[in-house]
Amino acid sequence: MRSEPEQIAAVAKALAHPVRVEIVTVLMSREGCIAGDIVDAIGLAQSTVSEHLRILKAAGVITGTIEHPRICYALNPEAVVPLRTLLAEVAAHTRRPVAACYTPEPRAAVTASDTPAAKPHPNMKD
């Protein structure tokens with residue numbers, strides 16, 4: 001079982017691709033969807049869509065029920081709850097005044113007189 005931070009990261013990573021976002025959008029518009037219907041809706045090769053479905057399923061964002069010889073995919077809304085909670089907390093946090101960040105003192109400019117003189121290489125001639 002994944003820790004909550006690992007679960008949040010896995011869901012965020014799974015959703016961090018435009019094609020996977022499209023797949024989720026297609027599944028939101030339907031109760032369940034056969035992979036072939038998703039392929040038709042997305043307009044990419046079946047193998048490409050299958051790989052994206054695999055990633056979404058591994059992260060728990062979708063479920064796949066085998067209805068031989070097909071797999072019916074559906075959203076798993078519970079999988080995104082920790083991510084949704086984190087994002088809501090971040091959004092709420094941005095409304096508060098932000099404390100000043102620590103800014104180190106600027107470094108003094110280094111001049112040529114501050115550095116040792118470079119010695120010429122023994123094999124170099126003037």
Using a strict 4.0 Å threshold on nitrogen-to-oxygen distance, state whether E67 and R70 make a salt bridge.
no
With clusters defined by side-chain heavy atoms of hydrophobic residues (ILVMFWY) lying less than 4.5 Å apart, directly or transitively, does V61 cluster with L83?
yes
Counting C-beta onward and ignoring hydrogens, is there a side-chain heavy-atom pair between I55 and R20 closer than 4.5 Å?
yes
Restricting to pairs with a member in residues 24-71, which pass ring pair (Phe, Tyr, Trp, His ring centres under 6.0 Å), not counting sequence neighbours?
H17-H52
Verify the cluster assignment for L75 and V11: are they in a single hydrophobic cluster under the rule of side-chain heavy atoms below 4.5 Å apart?
yes
Quick one: closest heavy-atom pair of A79 and G60, and the distance?
CB-O, 3.0 Å
For the residue pair S50 and Q46, confirm or rule out a side-chain donor-acceptor distance under 3.5 Å.
yes
Cluster overlap V81 with L56, hydrophobic side-chain contacts below 4.5 Å:
no
Is it possible for you to say whether V80 and L86 belong to one hydrophobic cluster, with membership spreading through side-chain heavy-atom contacts below 4.5 Å?
yes
Apply side-chain contact (heavy atoms from CB on, under 4.5 Å) to residues V19 and T48 and explain how you reach the verdict.
CA-CA 9 Å; V19 171; T48 301; 5.5 Å; no
Can you tell me how far CD1 of I62 sits from CG of N76, rounded to the nearest 0.5 angstrom?
9.5 Å
Mind checking salt bridge (charged side-chain N to carboxylate O under 4.0 Å, His left out) for E6 and listing every partner two or more places apart, or none if nothing turns up?
none
Using distance only, find each side-chain donor-acceptor pair of residues 24-43 under 3.5 Å and give its atom names and separation, not counting sequence neighbours.
{"unit_1": "T25", "atom_1": "OG1", "unit_2": "V21", "atom_2": "O", "d": "2.9"}
{"unit_1": "S29", "atom_1": "OG", "unit_2": "V26", "atom_2": "O", "d": "2.7"}

